[in-house]
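Quick notes on the structure that follows.
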Amino acid sequence: MQDQLNKILKEAKAQLEEARTHAQTDEIRVRFLGKKGELTAILRGMGKLSPEERRTTGQMANQVRAQIEEMLAEKFEAVKAAAKEAQFRKEKIDVTEPGRLEGLGVRHPITITMNEISRVFQNMGYSIVEGPEVETVFNNFDALNAGPDHPARDMTDTFYITEDVLLRTQTSPVQVRTLLSQKPPIKVISPGRVFRCDTPDATHSPMFHQVEGLLVDEGVTMADLKGTLDSFAKQLFGTSTRTKFRPHHFPFTEPSAEMDVSCFKCGGKGCRVCKGSGWIEILGCGMVHPNVLKVGGLDTEKYTGFAFGLGVERVAMLKYGVDDIRLFYENDMRFINQFK
Ligand code: DAH
């Protein structure tokens with residue numbers, strides 16, 4: 001029986017040396033010390049022994065059990081440490097590895113153009129004011145001297161929300177808001193979105209962008225208007241740009257004009273961009289109508305002013321040679337990324 005015990009001890013030792021995992025170690029524990037284990041079987045068989053043998057064998061069996069328990073404990077520790085080590089190795093991160101570069105976004109061509117236009121006027125001392133896209137009929141039409149019979153008020157041109165509220169068709173209502181909230185000298189521009197009931201095609205979109213301008217002070221004349229807008233054109237399209245003003249009509253200005261710039265592509269000789277004329281229409285402008293100044297409670301004998309409005313998409317299309325306005329709204333990255 002003592003031989004058997006020695007054999008068990010040796011075997012347990014040998015098997016434990018082979019064990020690599022917690023599960024394998026635990027199997028060995030069950031095999032030797034479990035209820036149906038080899039050592040337990042021996043202890044059970046001791047009843048048949050003489051009292052003397054039982055004492056010595058019992059002692060030895062207990063020693064063997066203690067030794068196996070000790071070896072098991074050591075092994076459990078060892079496999080635990082090994083498992084931890086393996087996990088550390090697996091989870092190790094290289095903090096010196098360079099990061100993955102995410103692609104940088106680019107500004108939208110409309111934003112770029114609007115910022116360029118705004119910067120020119122900001123450099124001339126204009127401040128930026130903003131107005132809401134949902135506007136009153138009063139601010140969008142009545143206060144701008146466009147009475148109830150004005151054609152632009154038609155349902156087919158304007159998105160009405162209620163009888164008195166609409167999506168602004170122009171940035172000009174910001175003139176009204178400014179006249180109601182500021183005293184002269186007034187010198188503001190207002191970039192923003194406008195809306196019209198238009199079916200989209202290469203040159204029309206139901207939503208587009210404008211930049212509005214308003215200057216009001218004592219003694220402002222048409223010469224100030226021309227000088228300001230001529231300087232703007234030279235800064236935006238190049239110093240050799242020439243301008244000309246053609247008579248036009250807007251309800252909120254008198255007199256009114258449209259400004260053309262000499263074609264920045266051909267210099268005025270005539271090409272595809274200017275459709276052979278050498279000139280490109282860029283904006284609407286005029287001297288603020290006295291009826292509009294009166295909305296702000298101004299003395300029209302003392303104060304005069306000029307205003308202008310231009311379409312951002314139109315400028316962007318001309319500058320970048322884009323021939324379909326819809327390209328601006330599709331947000332195809334292959335298109336947008338060209339404006340880096
Ligand atoms: N609001 C006009 C439009 O949408 C543009 C415009 C013309 C604005 C003349 C002005 C102006 O301030 O003076 O067509």
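Residue indices begin at 1 and follow the sequence shown. Both backbone and side-chain heavy atoms feed into the values below; hydrogens, waters and symmetry mates do not. Indexing begins at 1, ligand by ligand and atom by atom, following the structure's order.
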### Query
Counting each atom of ligand 1 from 1 as listed, which ones have a heavy atom of Q175 under 4.0 Å away?
12 (O)
### Task
Return a yes/no value for G213: is any of its N or O atoms, backbone included, closer than 3.5 angstrom to an N or O of ligand 1?
no
### Message
Under 4.0 Å from a heavy atom of Q170: which atoms of ligand 1 are those, numbered in the order shown and with their elements?
### Response
1 (N), 2 (C), 4 (O)
### Message
With heavy-atom distances below 4.0 Å as the criterion, list the atoms of ligand 1 near Q210.
### Response
3 (C), 4 (O)
### Task
Using a strict 4.0 Å threshold on nitrogen-to-oxygen distance, state whether D3 and K7 make a salt bridge.
no
### Message
Between R334 and D332, does any side-chain N to carboxylate O distance fall below 4.0 Å?
### Response
yes
### Query
So which bit of F308 gets within less than 4.0 Å of ligand 1, heavy atoms only: side chain, backbone, both or neither?
backbone
### Query
What class does the angle between the rings of F121 and Y126 fall in, given that below 30° is parallel, 30 to 60° is tilted and above 60° is perpendicular?
perpendicular
### Message
So if I count the atoms of ligand 1 from 1 in the order they appear, which ones are less than 4.0 Å from some heavy atom of G286?
### Response
13 (O)
### Task
Could you pull out the closest heavy-atom pair between D201 and D324, with the gap in Å?
O-OD1, 4.0 Å
### Task
Under 4.0 Å, heavy atoms only, figure out whether ligand 1 is touched by the backbone of R196, its side chain, both or neither.
side chain
### Query
Atoms of ligand 1 less than 4.0 Å from T253 heavy atoms?
13 (O)
### Query
What are the atoms of ligand 1, with element, lying closer than 4.0 Å to any heavy atom of F250?
7 (C), 9 (C)
### Task
Enumerate the atoms of ligand 1 whose separation from the nearest heavy atom of S172 is less than 4.0 angstrom.
1 (N), 8 (C)
### Task
Return yes if a side-chain donor-acceptor contact under 3.5 Å exists between Q175 and E212, otherwise no.
yes
### Query
Of V216, L214, V220, T253, which is the lone residue that meets side chain to side chain contact (heavy atoms under 4.5 Å, CB included) with F306?
V220
### Query
When the ring planes of F76 and H22 are compared, do they come out parallel, tilted or perpendicular, using 30° and 60° as the limits?
tilted
### Message
Between R177 and E135, does any side-chain N to carboxylate O distance fall below 4.0 Å?
### Response
yes
### Message
Which of the numbered atoms in ligand 1 are under 4.0 angstrom from any heavy atom belonging to C285?
### Response
9 (C), 11 (C), 13 (O)
### Query
Should E17 and K13 count as an ion pair when the cut-off is N to O under 4.0 Å?
no
### Query
At what distance is the nearest protein heavy atom to atom 12 (O) of ligand 1, and which residue and atom is it?
E212 OE2, 2.5 Å
### Query
Hey, does F252 sit under 4.0 Å from ligand 1 if you only count heavy atoms?
yes
